[in-house]
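For reference, the structure is listed below as structure tokens.
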Amino acid sequence: MRPTTTPRFTTTVVDADPQDGYWVQAVDIDGDGRPDLVASGLTRGEVVWYQNPTWQKRVIATLDKPVSLDVADLTGDGLPDLVICHDYGNCMFNCGPRDGKISWLHNPTASGLDGQWTQRPIADLVATHRIRVGQFTSDSHPQLAALPVVGPEGGAAGVASPVRAMVYDRLDNPLSDTPWTGKEIDAQFRIVHGVVAGQFPNTPQPQRDSFLLASAEGITWLGYDDRGRWRHHRLGTGVPPRRSHEFPDHEFSGSGNLAVGTVGGTPYGLIVAVEPFHGDTLAVYLRPPGELTFEQPWQRRQLEVYPLPDATHDAVAHHVVAADFDGDGDDEFLVGLRGPEPTQGVMYYKFDAAGEVLVRERVSAGSVARIAVGDFTGDGRLDFVTTSYDTVGYYEIDDPRITLHVNDFGQPGPAAAPPGGDG
């Protein structure tokens with residue numbers, strides 16, 4: 001590992017007036033080899049893409065309260081389609097039995113950049129909040145994992161009950177308007193907020209995708225074994241229940257978001273988590289020595305507690321990503337803070353093999369809901385994009401924007417961006 005370097009990023013505005021703010025993801029929509037951006041929010045409901053490098057904005061769809069999305073070529077034409085959950089309901093504390101829909105949006109850009117995106121149904125699932133495309137129980141076709149944030153009862157009862165997580169099989173004819181067939185994941189978790197999916201080594205089915213979850217129970221590995229059963233192992237329990245300032249009738253526990261990265265040359269060497277749901281605590285989890293199995297608890301160390309902005313706001317740390325920004329082969333971690341000040345912006349952390357902090361810098365200052373990572377300039381260095389947190393009726397700011405932060409310090413190389421839905 002080379003000597004540590006102070007991170008430097010040059011900031012430019014992609015959209016100074018998106019009039020919304022929740023989701024942003026790096027996606028090569030038009031297949032030209034450059035990552036574009038897809039963004040959405042729960043206020044206006046527009047799903048838009050910004051074409052790299054001009055950042056021309058095109059509207060893909062307008063939906064009722066789109067929450068999160070993932071990307072996959074569902075039709076086999078070589079271009080990424082979008083899977084998105086929407087019609088979320090009023091909020092996580094007030095979701096009804098008809099709230100929660102999942103659709104996919106067919107990419108038309110093979111026939112022209114301004115083509116009409118077609119929306120097709122996948123399923124209805126109350127309070128769906130995170131979705132991931134992969135191969136979770138099958139090796140033959142794409143599947144969609146859908147993880148609500150609260151249980152199917154909705155309302156206050158739903159917040160206290162396990163979510164109904166599902167895996168849906170893509171139709172043989174993806175262009176059909178028939179809903180997909182789904183099966184419930186046999187595991188119980190409450191308030192699932194962070195989901196990392198990937199092919200993790202030394203798991204029961206390493207050629208299939210499995211999950212690292214951040215939920216009220218803490219950090220958990222969840223996957224499908226070779227005997228057709230869902231298995232899970234708790235890596236850490238996060239923080240004990242604590243009363244929320246923003247929702248004083250509720251206590252939150254466990255973990256709220258996570259990212260896993262290579263540290264000290266060890267793949268999957270460190271998990272960084274923000275805790276609990278919409279929380280104020282930053283913790284690292286060190287992988288146990290020996291072969292990676294995700295079966296044993298990891299050593300948790302609390303790094304810091306972000307200051308409460310005031311008496312009515314939680315210090316919301318909302319998103320975490322891991323990527324090699326300095327080009328030394330180890331990952332660094334970015335933590336997105338919603339605000340208001342002094343808990344706002346993006347914090348950059350670099351760790352040694354023992355999980356000790358080598359670099360801690362605030363590298364952007366605006367409100368952050370999500371972070372998207374990619375080489376947006378084509379210079380071989382990873383940059384990042386932020387979108388503000390601006391949701392009507394919950395947390396609103398005066399100037400939501402989408403901002404590009406260009407890497408000015410890293411060593412160019414083959415570093416790969418994390419999956420778009422990381423954390």
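Values below: all heavy atoms of this structure, side chains included; hydrogens, waters and symmetry mates excluded.
More than 12 heavy-atom neighbours from other residues, nucleotides or ligands sit within 6.0 angstrom of CG on D226. Within 6.0 Å of CD in Q302 there are more than 12 heavy atoms belonging to other residues, nucleotides or ligands. By the 6.0 Å contact criterion, CZ on R229 is enclosed, its count of non-hydrogen atoms from other residues, nucleotides or ligands being greater than 12.
Closest non-hydrogen pair, P297 versus P288, comes out as O-CG, 3.4 Å. What you find for D383 and N407 is that their closest heavy atoms are OD1-N, 2.8 Å.
Within the structure, side-chain hydrogen bond (donor to acceptor under 3.5 Å, both in side chains) pairs that include any residue of residues 253-267 comprise S255-E275 (at least two apart or interchain). Residues in residues 140-167 take part in no ring-ring contact (aromatic ring centres under 6.0 Å, His included) pair, two or more places apart or across chains.
From H233, atom NE2 reaches atom CG of L212 across 12.0 Å, with rounding to the nearest 0.5 Å.
Here Y394 and F247 bring their ring centres to under 6.0 angstrom of each other. The aromatic ring centroids of H232 and W230 lie 6.0 Å or more from each other. Between F9 and F409, a ring centre-to-centre spacing shorter than 6.0 Å is recorded. Taking the centre of each ring, H193 and F277 come in below the 6.0 Å mark. Ring to ring, F211 and F136 are close: their centroids are under 6.0 angstrom apart. Aromatic pair Y389/H318: ring centres closer than 6.0 Å.
Between the side chains of E217 and S215, at least one donor N or O sits under 3.5 Å from an acceptor N or O.
For R34 (side chain) and F376 (main-chain N/O), no donor-acceptor pair under 3.5 Å exists by modelled atom type.
By the 6.0 Å and 45° rule, R287 does not stack over the aromatic ring of W298.
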